[in-house]
Engineer: 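Take a look at this one; I'll ask things after.
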Amino acid sequence: MIGVLITFEGPDGGGKTTQLGLLAEHLRGRGCTVLCTREPGGTALGDKIRGLLLDPANREMAARTEALLYMAARAQHVAEVIAPALARGEVVLSDRFADSTLVYQGAARQLTRGELAAINAFATGGVAPDLTILLDGDAGMLGGRLAGRGGADRIEREADAFHASVRQGFRELAAAEPERVKPVAAGGTVAEVQAAVVRIVEEFLHRRTYG
Ligand SMILES: Nc1ncnc2c1ncn2[C@@H]1O[C@H](COP(=O)(O)OP(=O)(O)OP(=O)(O)O)[C@@H](O)[C@H]1O
Ligand SMILES: [Mg+2]
């Protein structure tokens with residue numbers, strides 16, 4: 001049995017967490033065994049690393065330190081959670097995964113994609129998403145949503161140029177891997193976005209089952 005790894009990616013506030021939960025319900029309703037997880041985190045050790053990454057007190061964190069912390073959390077996440085679930089034949093939904101590191105640390109922190117891809121391959125042992133939903137929307141709209149939620153963390157307080165660079169990085173990713181990375185406009189209602197996500201996932205599962 002080989003499971004499926006579906007990841008949700010995109011800028012802060014795009015609706016990843018909301019849509020992941022709705023997709024999990026949908027897939028369970030059609031009989032799939034679904035495991036929901038997130039990055040950074042997903043394990044007890046990963047959550048401790050997440051605390052370090054998001055703490056506004058860690059302002060002096062070097063770009064390479066940040067990248068390695070994300071990779072360390074991912075190595076644990078894959079070993080402890082994702083790989084075993086895939087081996088059991090489950091559908092794994094991850095709220096962010098490797099693409100976030102490549103985009104945030106690559107596009108916005110000036111580390112090379114090649115370096116990041118190499119440490120990522122080491123961290124994951126080659127486990128990669130089968131399908132990635134990219135929730136994309138403009139900074140004004142997404143910022144408004146997050147403002148409504150309150151309490152910006154260290155990453156969310158970065159400058160506008162950083163957010164623009166992140167958004168651009170995600171778009172380049174979708175252009176580079178159109179088979180895997182499927183952009184969805186995040187600006188619709190929750191139900192509209194969900195319908196688009198379900199359509200993409202159903203199409204993917206159909207192709208995977210029937211070729
Ligand atoms: N389609 C939508 N229309 C309006 N508001 C939405 C929509 N989807 C999500 N929201 C709201 O916008 C906020 C951000 O959504 P959510 O937390 O799902 O995004 P996220 O991509 O997981 O964000 P983060 O990157 O910060 O984790 C939440 O308050 C959520 O209720
Ligand atoms: Mg979220």
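Just so it is clear, the structure is predicted and the values come from calculations on it, not from any experiment. Start at 1 and go down the list; that is how both ligands and their atoms are numbered.
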Engineer: From the options Leu20, Asp12, Thr17, Leu22, select the one whose nearest heavy atom is closest to atom 22 (O) of ligand 1.
Structural biologist: Thr17
Engineer: Measuring from atom 19 (O) of ligand 1, which candidate in Gly137, Gly188, Ala185, Gly15 has the nearest non-hydrogen atom?
Structural biologist: Gly15
Engineer: When you compare ligand 1 with Asp95, is there at least one nitrogen or oxygen pair between them that comes in under 3.5 angstrom?
Structural biologist: no
Engineer: Report the part of Gln194 (side chain from C-beta onward, or backbone N, CA, C, O) that has a heavy atom under 4.0 Å from ligand 1; answer both or neither where that applies.
Structural biologist: neither
Engineer: Taking Ala63's backbone N and O only, do any of them form a donor-acceptor pair with Gln105's side chain (distance below 3.5 Å, no angle check)?
Structural biologist: no
Engineer: Is Asp130 reaching over with its side chain to a backbone N or O of Val4, donor-acceptor style, under 3.5 angstrom?
Structural biologist: no
Engineer: Do any N/O atoms on Gly14 end up under 3.5 angstrom from N/O atoms on ligand 1?
Structural biologist: yes
Engineer: Quick one: does Arg74's side chain have a donor or acceptor within less than 3.5 Å of a partner on Asn120's backbone?
Structural biologist: no
Engineer: Between Thr18 and ligand 1, does any nitrogen or oxygen pair lie at a separation below 3.5 Å?
Structural biologist: yes
Engineer: So is Arg96 close enough to ligand 1, meaning a heavy atom under 4.0 angstrom away?
Structural biologist: yes
Engineer: For Gln19 and Val190, indicate whether the former's side chain and the latter's backbone hold a donor-acceptor pair under 3.5 Å.
Structural biologist: yes
Engineer: Would you compute the distance between atom CZ of Arg180 and atom CZ of Phe204 and round it to the nearest 0.5 angstrom?
Structural biologist: 11.0 Å
Engineer: Determine yes or no for a side-chain-to-main-chain donor-acceptor pair under 3.5 angstrom, with Arg96 supplying the side chain and Glu39 the backbone.
Structural biologist: no
Engineer: Backbone or side chain, does Thr18 get an N/O/S atom under 2.8 Å to the Mg ion (ligand 2)?
Structural biologist: no
